[in-house]
Each structure stands twice: as structure tokens, then as C-alpha cells.
Amino acid sequence: MADVKKHDTPMVDDLKSGPWPSFVDDIEQKGLAGKQACLDLLGQLELSFKHKETHWKHGGIVGVFGYGGGVIGRYSDVPDKFPSIAHFHTMRVNQPASKFYSSAFLRKLCDIWDYRGSGMTNFHGSTGDMVLLGTTTDQLEPTFYDLTYQMSCDLGGSGSNLRTPSCCVGKARCEWSCLDTQQICYDLTQEYQDELHRPAFPYKFKFKVSGCPNDCVAAIARSCCSIIGTWKDDIRIDQEAVKAYVGGELKPNAGAHSGRDWGAFDLQKEVIDLCPTGCMYMYGDELKINNRECTRCMHCINVMPEALRPGTDTGATILCGAKAPILEGAQMSTLAIPFIRMEPPFDEFKDFVDKIWDWWMEEGKNRERFGELIQRESIQEFLRRAELKPIPQMVKEPRSNPYVFWSAEEVPGGWERDIKEFRARHAA
Amino acid sequence: MYEDNPGYNISEVLSNPYDPALSKKLYDPKKPMANRITDIGPPHYEQFFPPVIKKNYGKWKSHEIVEPGILKYTSETGDVCYVVRCGSPRLITTDLIREIADIADKYGEGFVRWTTRNNIEFNVDSEEKMRALVDDLKGRKHPGGSYKFPIGGTGACVTNIVHTQGWVHCHTPATDASGVVKAVMDELFDYFTSQKLPAQVRIALACCLNMCGAVHCSDIAILGVHRKPPFVEDDRISGVCEIPLAVAACPLGAIKPATVELDGKKIKTVRVKEERCMFCGNCYTMCPAMPLADGEGDGIAILVGGKISNRISAPKFSKLVIPFLPNEPPRWPTVVNAVKNILETYASDANKYERVGEWAERIGWERFFEKCDIPFTDKSMDDYRLAYDTYHTTTQFKWSVHTDNL
């Protein structure tokens, strides 16, 4: 055994049992093989279990030269007890789009991190980065040089800048993707490198790309600009496959409900009656869809993937402003552009991004998310600044109060009036 | 168009072994811009596609779930791709990543993928390879007996919990993350490896209201919450933060600038109107001299009924149904039981395809609380921005235990 010291961690050790992969066992084994930081990390976690409070200090500004993000400073507040994690900074490394890796890539990343850091990672952070957990300030620049020279990798975003864009598996392995999600994600990441590394925004800004309305990267809930694939033409139908589902030869929902006996598949009950717009019906033994009424919710396609496929006239719906509750309350993204073609070099989309960033950088307050700016200044102002036309698709329902901000130009004669003329008609 | 980017083809840099001495030759602290490569972004994704993925990009026709955790994709070219999906705790060591790389070499032609929910996916091009891989994965266990690579997370299941860092590596948490997730997933393991729920159930954990884990649209959200107002360290505050920023940090205007006398000297600080504090912790984010973590005060709230997908109904926010449960490391039994109770009540009552939120809306929230036997309190009633939108303004409601003794 390597020359390392294991702390007494009875509570943490309790998390070694049970079937779900034990992070404790993984970290402890790594520690016993020679990484004291791993054992100190478990030791400090035991102390947190005892106190029911964190033992990491607030903040600490560290980074690599020329970048304002990508590194997060972290210091233990009990460094005397756990000296090898006294400094335990994080480096966010921008992941390849949709997180496919080669074994050679992973091994070399591990080589670097075993040498430079604790050997601990988050694979991955919530935003999508490969997160390298735990190193000291003096190792930050060498790690950065290792990553750029020996991995051709770069850091991800943190702080008030563009955060690392992320995307779903897309056309790489999903028949429903209406977008080249990886290509869009990669292109935007490259286009906006300056915005990603050098904080110039009021607060964080996130792009997320999902290939279809199933939205596997949760773009609509957590990105300032959600790019979600959709189609304009008709759902493709294979009537023979529809019959195969009805006849029980194919499993509904690709077999997703195999663990319980839900009875024989009932096309009427499970698809036609659950369609939110009621746009499907049987005509003889053929399934018909009134595509003009379809809102592309994906349910019928999810249930019968062999029989139904999205159309081929594809593009993206763009929605803006999602965020978690801090500060003004949680928001989901609001429909901005119902349909836009997403093909390289994505000029029309980038033009839109320029407009909304200009507005946010001019008007946004410190630490105001883009969605909060829309709330504060109004959706009308958003549409004006983005040069978008208001359409009924942008609202659930029209407003129920009459407090319209008319402008002088919209009213005949404008707002310049003479009170004397008014009084000539009306005694005071 | 990005062919000139060094990350466009990294086969050469990857073919060289790691050289720990190289950076010392390149980086000079006195001339920090010398030899510095910047703004190259991530490596191009395509070089990490397994051959079957690369060949069939954009040509996939359909898929089926062969058994829980195993998917089969069929291409228009006739090719198939089997995917074996495994859970992971996300917080993993380089040793585990090396083991994953070895498995990828043995079965997946040297490639592997991670999903948005921290599952690991091995892609193989034949059923034979898939079976060998599955047998291999099932045999890999940690010393304590847990699976290294549990297979599941597909279809109508509880897939991996997305979560934050908690006490393992964060400075603002109100609870742990990895420990709670391990405790919950151990108890719900059978739901990860099977497909017996009415629909998929997405569980997420965020260890404070910042919600790095974006739990606000999850079927079941486990959220760390504080319940004591922040301290104000008068002797530190002006040295570690700007007082106007601390004042502006409070969304309710509960923080005011103040001057106090300390050791005979007048110093600038702030005061908190404690009865107005909603424990969001934003002041501590902005000012290190206003900590609010507290072993007794902190714990977990449970929110339910959120969703991301646009399927059938629009995406929904999760709603707060249990305002507080205590932190009980290492196994958090009260939280685990609360989550399991909601999951199993839903599983026994919902219709096929119905998500937790759709079920709750169909039966009515009064019935949700009744069926789950969760006490309803005023803490589940919104009193923040836009609260009025959540109030019932109709005479249409259901009789339930809440009205039976009227």
C-alpha cells in the first residue's frame, strides 16, 4: 500500500453498501493507491456528515492568464486536518459535442489529471463540461498548457460569460433529430470563444441544442437561448408498421413499458385519444393525421417509432430566457422564432444572437439573466430589439388587462395637445 | 471550415504519450503570453464517433429497447447499433475512467459516450458483442459490493439522478448531493433496472436554491434549503465584499446598510430584516461575510410534477409539496422514504404514459396530497412573484380529506 493516511470515516463508509455505484469505494480505492487528496476528501466529507454543514470556503479568485473563466477557486476551511485538499480548485474542460470519447482521449486526460490534480472528476458538470476537481494554484497554468498542447482541449465557461454550449445525441444516434445538434453546438462554441473565456456579460448566458421537442438536454428549462429541432411538413407514416403495432407484432413506445402488463396495445386509447390537439383519426384501417393542427409534441412518434417519423422539412424553434429560481423565480424559455433554418454558417441565427446580446449588454443589470431582462423590460421590448414580429404563438393567451403602452406615433395627432383648445370645449 | 483548428484532428497529439515536462518548457511566468494557445474550443466531435455511428450519421430509422438498459438502433443502411446504458455516480475517479476506456477498447472499438443524465453508454455493432459486454459489466463490482456499471435507465424507469456537488465540493450547499443520491438510488435501484412505471420519472437533486442541477422541471426534485437568516460578520464584511452589492443581492430588500461601533471604531456593515428573509442565500453568494449554513436549520424540500419534454402536455415546473425534511447523513431515511412514497403512489395510480405532473393535475392536487398522505401546509402556497396565478379561482374542486370534516 502506498504511503497514505486513511481517516476514520464510519458514516461515509456506510455508503459503500447497496447496489448503486459507490462513489465512496471509488474514491477510497484511488486514495489507497496513492492519492492522499482522495482520502482527505472523504475525511472532510465525514466531518460535513457530522456537522451537517459544508467545509469549503467561499470563493477565491484563481484562473489562467488571459481568461476570466473556466477555473473555480476552492479552499478547505479545515486545512490543518486535511492538508492535501487545502487548495482544491476546479477546472472546467469543454467537452466534445454530445460527449462521445475515444479511449485514447480519456486515458491521456487521466494521465494529466493524475499528475496535476487529485484524480477526482465530475463526468460531467451540469452544463456539460468535463470537470477536473481538485488542484493547487501552481498547477493551473501547467494543466492549461497540457490541455491545449497535448490534448487540443480548451477550458469551458464560468462566471459572467457564455457558458459551454451543449447538445443532445442528435443525428449521431437518434432518428428523431431534426438538427445537426453537434455541428450547431461546435460551431457556436467556436464562433463565440471570446465571449466564452472573457466575461463581458451582465451574467451567465447558455445555449443548449436539442434535436426534437423531447428535448433531451432540457434546453427549454435551463438555457437563455434554447434551440430545439422541429419540422414544417407532414409526419411520415408507414401504414404497414401502424398495422403491426395494432396487431401486437411491434412493441409500443419501443418497448419502454416492458416491465408491467398494461394489456394489449390500443391505438385509439394510447395514441389518438392522448393526442393533445385531436388531430389523428382512423380512416378504414389507415391512420390519418391532420398535420396543420399538429403541435409536434412527439407523443405518437414516441409510441410508434417504426410507424411514424418527423417530417423532412426541418429547422429549429428558438426560445429564450429559461433559468432556475435565483433570483426572480424560475422561468422557462419563451417562444421567439417559431422556425429558422439551421445550416452552416448559421448567419441568420447569429444575427439574432447579436441583437439580443446588444440589448442585454446595454440594458442588463449586474447579475441579471437574459430571461429576467425580458421580464423587466417587457416581451414587446424584446421583440423590438430582436426585430421579431409578434405572433399569437408567443403567448398562451392574450392579456386580460387593458394596460397597453401605446406610443405617440400610434395615435392620430400624437400626444402634443393644447390645453386651451381642450378647455375651449370643456369648462374646468 | 474549422480544419485549421488544432482540435479538428487530434490523432497526432493523442498518439504521443503524456509529457509532464513539456509545460515547463513552454510556460514562463514572466512572459505569460509566450507559447500560449487560446480560444481553440473543444476537439471536433466527429473523431470520437464509433465507426457505426459515423457511417450512419443522420440515417437512423428507428429504435427499440431490447431489455432495460439495452437499446437497438436500426439504420436505413441496414446497420444496427446496440447501446448498453449504465448508471454512474458522476463523481468518479480517473481510475474508473481508465476502466471505462478499457471496456470501450474491448467491446466498443475504443469509443464510449456519456449522456446528459450522467449515464455511460457503450455503442457496439452486433448482438454478440452486446451480450459479451453485458456479461462483463454485470460482474464488475466495487469492494463494498455495489455495481460499478449497473445496466438500466431506459424507458418507463427511474433513470440516473442529475445532481450537484453538495458537501463534497461546494461552498453554498444546504445538503449533500452524492450521499443523498446514493441513498435514494440504492432504495430505488429496482426502478432503474426495470421498466414498470407508467412513464419515465426524472429525479434531480440540487443542494441549494442556486440549482446548478436545474431541478425546477423534474418529476421529483430534491432541493437543499436553508432556514436561518444569514450571519453578518461586522468585523469582516467591508474587507471581503462591497456593501452596496450585498444590499442589492437581496430580492426582497431585507438587507440595509448600517454603521456600527466595534472596538470604539465606527464601521460600515449591513443589517438583515430577518422576518423578510426567504433564505435564498443570494446574499452569501455575493458576500462571504454573510454565511447562512446551519446544521439544524438546513435540510431538504421535495418538489414534484415538473417535466422538460413537450410530449402531450407542455413543459412544467416542479411544485413544492414537502417544505422541509431534516438532513440525516449518511442515509437520509426520511428523504428516501418520502421520495419512494411519492414514486410508488404515482406508480400504482397513474395511467400509462402519464408523467407525475400530468397525473397530479388529472386527479387534482388535493387528491395528490390525500393519496400520498402528505400534510398540506401554507408553505406550499406561493407568496413570491406572480403568486396569484397559482391560486384556485373557481368553485370546481374535489372533496378530499382536507374538506371531509367541514
Side-chain angles (χ1 to χ4, degrees), chain A residues 11 14-16 18-23 25 30 48-49 52-54 56 58 65 94 96-97 99-100 103-104 106-107 110-111 115 119 126 141-142 145 148 152 154 171-172 175 182 189-190 193 213-215 217-218 221-222 254-260 262 298-299 305-306 324 327 329-330, chain B residues 6-7 10 14 18 20 23 27 32 37 39-43 45 48 53 58 60 62 64-65 89 91 93-95 101 104-105 110 113-114 116 142 144 146 155-156 167 171 173 178 182 185-186 189 194-196 211-212 214 216-217 251 288 293 295 308-312 327 329-330 352 385:
Chain A
M11 276 193 281
D14 192 67
L15 294 173
K16 291 177 182 172
W20 188 251
S22 172
F23 68 99
D25 254 337
K30 179 85 188 162
S48 280
F49 276 18
K52 303 181 192 177
E53 289 168 3
T54 190
W56 296 105
H58 191 295
F65 195 84
N94 197 330
K99 305 186 183 95
F100 280 94
S103 55
L106 292 173
R107 282 197 194 93
C110 292
D111 289 345
Y115 188 79
S126 296
E141 290 289 2
Y145 274 73
T148 51
S152 296
D154 204 339
K171 292 189 177 186
E175 69 268 29
Q182 287 99 354
T189 310
Q190 295 294 352
Q193 279 291 295
N214 282 329
D215 195 4
V217 285
R222 55 192 194 129
H257 295 81
S258 64
R260 199 197 292 190
W262 291 93
M298 295 295 294
H299 175 66
E306 301 275 356
L327 208 55
Chain B
I10 64 169
L14 287 186
Y18 173 50
S23 71
Y27 172 61
I37 297 175
D39 301 87
I40 57 172
Y45 51 91
F48 304 121
I53 297 284
W60 298 104
S62 69
E64 65 169 302
I65 303 169
L91 174 69
T93 66
T94 46
D95 287 359
D105 279 348
R113 170 177 188 257
W114 269 262
T116 301
H142 286 296
S146 66
W167 294 332
H171 64 294
S178 299
K182 164 73 173 150
M185 285 308 285
D186 275 344
F189 190 73
S194 66
Q195 303 181 134
K196 56 189 176 186
M211 290 196 191
C212 303
H216 58 294
C217 296
I308 298 297
S309 163
N310 288 273
R311 182 176 185 171
I312 302 180
N327 277 325
K352 190 178 179 187
R385 319 264 200 255

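Because the structure is a prediction, the values reported are computed rather than measured. Naming: A, B, ... by sequence-line order, numbering from 1 per chain.
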Closest heavy-atom contact between [X] and [Y]?
X	Y	answer
A:Lys30	B:Thr93	CB-CG2, 3.8 Å
B:Phe189	A:Pro19	CG-CG, 3.5 Å
B:Arg311	A:His299	NE-ND1, 2.9 Å
A:Ala221	B:Ile308	CB-CD1, 3.4 Å
A:Thr54	B:Pro173	CB-CG, 3.6 Å
A:Ala172	B:Ile53	O-CG2, 3.3 Å

Go through [options] and name the one with the most non-hydrogen pairs under 4.5 angstrom from chain B.
options	result
A:Ser258, A:Ser152, A:Pro213, A:Ala218	A:Ser152
A:Pro142, A:Ala97, A:Ser22	A:Ser22
A:Pro96, A:Ser126, A:Ser103	A:Ser103
A:Glu306, A:Met298, A:His257	A:His257
A:Pro21, A:Gly119, A:Ala324, A:Gly259	A:Pro21
A:Cys110, A:Ala104, A:Pro305	A:Cys110

Sub-4.5 Å side-chain heavy-atom contact between [X] and [Y]:
X	Y	result
B:Pro42	A:Gln190	yes
B:Ser23	A:Glu141	no
B:Ser309	A:Asp215	no

*Segment of B:Ser194 engaging chain A (4.5 angstrom heavy-atom cut-off)*: neither
Measure the [atom1]-[atom2] distance between [X] and [Y] for me, rounded to the nearest 0.5 Å.
X	Y	atom1	atom2	value
A:Arg107	B:Leu14	CZ	CG	11.0 Å
B:Thr94	A:Asp111	OG1	CG	9.0 Å
A:Trp20	B:His142	CH2	NE2	11.0 Å
B:Ile37	A:Asp154	CD1	CG	9.5 Å
B:Lys352	A:Arg260	NZ	CZ	10.5 Å

Taking [X] for the side chain and [Y] for the main chain, is one N or O donor matched with an acceptor at less than 3.5 Å?
X	Y	result
B:Asn327	A:Lys52	no
A:Gln193	B:Gly41	yes
B:Gln195	A:Gly255	yes

So which of [options] has the largest heavy-atom pair count under 4.5 angstrom toward chain A?
options	result
B:Asp105, B:Ile10, B:Asp95, B:Asp39	B:Asp39
B:Met185, B:Glu64, B:Met211	B:Met185
B:Gly58, B:Gly155, B:Ser146	B:Ser146

*Apply side chain to side chain contact (heavy atoms under 4.5 Å, CB included) to the pair B:Phe48 and A:Lys99, showing each step before the final yes or no.*
CA-CA 9 Å; B:Phe48 304 121; A:Lys99 305 186 183 95; over 6 Å; no
*Let me know if A:Phe49 has heavy atoms under 4.5 Å from chain B in its side chain, its backbone, both or neither.*
both
_Parallel, tilted or perpendicular, as decided by the 30° and 60° cut-offs, for the rings of A:His58 and B:His171_ = perpendicular
